[in-house]
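What follows is one structure encoded as structure tokens, with my remarks underneath.
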Protein chains: 2
Amino acid sequence: MAVDAIGTEGAGESALSPVMQDYLKVIYAANEWSDAPVTTSWLARRLGVAPSSVSNMIGRLTSLELVHHRPYASIELTGEGQQMGKAMVRRHRLIETYLVAELGYRWDQVHAEAEVLEHAISDLMLNRIDAKLGQPTRDPHGDPIPGPDGTVIMPDAVPLTELQAGDSGVVARICDDDPVLLRYLEDLDVHLDCLIRVIEQRPFGSGTQVEIVPADDSTTGSARAAAPSIVLGNEALTSIWVVRDPQQAATRGADG
Amino acid sequence: MAVDAIGTEGAGESALSPVMQDYLKVIYAANEWSDAPVTTSWLARRLGVAPSSVSNMIGRLTSLELVHHRPYASIELTGEGQQMGKAMVRRHRLIETYLVAELGYRWDQVHAEAEVLEHAISDLMLNRIDAKLGQPTRDPHGDPIPGPDGTVIMPDAVPLTELQAGDSGVVARICDDDPVLLRYLEDLDVHLDCLIRVIEQRPFGSGTQVEIVPADDSTTGSARAAAPSIVLGNEALTSIWVVRDPQQAATRGADG
DNA sequence: CTCAAAAGTTAGTCGCACCTAAATAATAGT
DNA sequence: ACTATTATTTAGGTGCGACTAACTTTTGAG
């Protein structure tokens, strides 16, 4: 189950090319929050290459027994492919976390940098980073960081679209696909672990009104100003994942 | 004279390939401490490729006007090539310095890691690193780190072989070519800025006996144990560069 | 001064990762 | 069920950076 040993390869083994590593990483991550089948054209769009390039590379990965693929069917990782994909995801997310924690990056800036660095740093450096951060288990966007042994801690989150008016939830993940959205949400004070309550769903995808409940550090409800109430569009609603606040949709009302 | 803007290239320009950057970097660094002409075979050995590969690449760099080269003659950087080589050297050395300062690398471990990272990090990251380190002007081996404007502070150092018996000097640079030597010198407590006195030169390159003068932090010469006296072979003698202790070859005798 | 050895270049090839264009398989509409 | 559309694969080609092998120029030993 060892998920390590990517950089500065250990003598004998023939390391995968960075491009192959990217394929495995992207396929692994695709199956993380969804079970939609991974197709050639989806990968092509995701990786920014022509579909024929994907066919080609999937052929090679298939003969390396890193993916299963019958022509015209969907693409799945083998056990070994899964390990390597997971190892790349670990690299990517540890690097993102490091950039935020140690070099003052904003969460909308880390993705592109990590995309390159994940192929460049050695295992030694990865371990130093992991140690310096204290073995974190999630990255700045709330995605789980697989442990060195392959352990993954998945929060039981759903997209904000799943909540009904009156429901509330704690933000557990924000998709890092769109940096512009990330900046926007940052401005709106939407952070990991913040509490969101759905006020009203508007019809025909014209948005949902939600309330960002300010952090409640001082357990005595201090002077809690009017909670900002905002309207989120569909992109935001599907990008923000929350852990449902179980039965009591009113954590705030419990002692008030 | 801008030496920046390598990573995440600014829109219009067609960035050089990592391999081209390596050539420019290596040629630049070759001229730093020596004026020996850079030849095809020297580059081939240095870069670990066949001489024909070098001929080929030098041809391309010549037509890009980054190097001057007439067939069978030596290779020199143009002004533009020099800028880009210097920029890569800056990247390399800042990264080395960062790895030692922030991630606890030993000086014999940084070179290989920096070799890869210098092509991977963005200008943003380079600037963050530079800032975090406080704009250092030399790396862990004593090599100068060019400033963002191209400024270079070269210590006026000579190889230890230049010193005569009785001469002393302050270590200003240790070539990072051979990690094994670096580890060895580390064990011997040979560091940057430490004082070395030449005791006796043995004939026929059979080594030179030197004394490592312990650091004199407490300006009162404290309890300075017997200075370790060691014999250095030729590889060490040419790798250690010192700034001559001007006239008084006996800094230690001055107050003793 | 000659000629062998060393240094450098040229020619041709290869694998990788991409592309476009053309062919084929799967899917959906009527 | 048949066809139009879409998805996927195949075929053929490109640039890069490496290689080997063969050739040319320079160097230096006697």
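All values reported here derive from a predicted model rather than from experimental measurement. Letters go in sequence order (proteins before strands), and every chain restarts at 1.
Side-chain to base pairing of A:Ser55 with D:dT10: no donor and acceptor N or O lie closer than 3.5 Å to each other. If you check distances only, the side chain of B:Ser52 does reach the base of D:dT20 with a donor-acceptor pair under 3.5 Å.
Under the 3.5 Å distance criterion, with hydrogens and angles disregarded, a donor-acceptor pair is assigned to the side chains of B:Gln21 and B:His119. Side chain to side chain, A:His92 and A:His111 meet the donor-acceptor criterion of an N or O pair below 3.5 Å.
Straight-line distance from the CE atom of B:Met57 to the P atom of D:dC19: 11 Å, rounded to whole Å. Computed from coordinates, the A:His119 NE2 to C:dA17 C1' distance equals 14 Å when rounded to whole Å. What separates CZ of B:Arg70 from P of C:dG8 is a distance of 14 Å, to the nearest Å. The interatomic distance linking B:His69 (NE2) with C:dA7 (C1') rounds to 11 Å, in whole Å. Taking atom CD1 on B:Ile58 and atom P on C:dA7, their separation rounds to 17 Å, with Å as the unit. Rounded to whole angstrom, the span from the CG atom of A:Leu64 across to the C1' atom of C:dC16 amounts to 13 Å. B:Asp22 has its CG atom 11 Å from the P atom of D:dG17, to the nearest Å.
Minimum atom distance to the side chain of B:Ala50 is reached by D:dT20, of the listed C:dG8, D:dT20, D:dT9. In this structure, the nucleotide among D:dC19, D:dC16, C:dT24 sitting nearest to the side chain of B:Arg60 is D:dC16. Here the side chain of B:Tyr72 is nearest to one of C:dT9, C:dA17, D:dT9, namely C:dT9. Here C:dC18 is the nucleotide among D:dA11, D:dC19, C:dC18 with the atom lying nearest to any side-chain atom of A:Asn56.
Listed in residue order, the members of residues 38-47 of chain B having a heavy atom less than 4.0 Å from DNA chain C are B:Thr39, B:Thr40, B:Ser41.
Looking at A:Met20, A:Arg93, A:Gln83, A:Lys25 one by one, the single match for side chain to side chain contact (heavy atoms under 4.5 Å, CB included) with A:Met88 turns out to be A:Lys25.
The side-chain contact (heavy atoms from CB on, under 4.5 Å) check on A:Pro159 picks up A:Thr161, A:Glu162, A:Trp241, with sequence neighbours excluded. By the side-chain hydrogen bond (donor to acceptor under 3.5 Å, both in side chains) test, A:Arg45 pairs with no residue at all, sequence neighbours left out.
B:Glu32 has no carboxylate O lying under 4.0 Å from a charged side-chain N of B:Lys86, or vice versa, which leaves the two without a salt bridge.
Ring pair B:Tyr98/A:Tyr98 is perpendicular by interplanar angle, where above 60° counts as perpendicular and below 30° as parallel.
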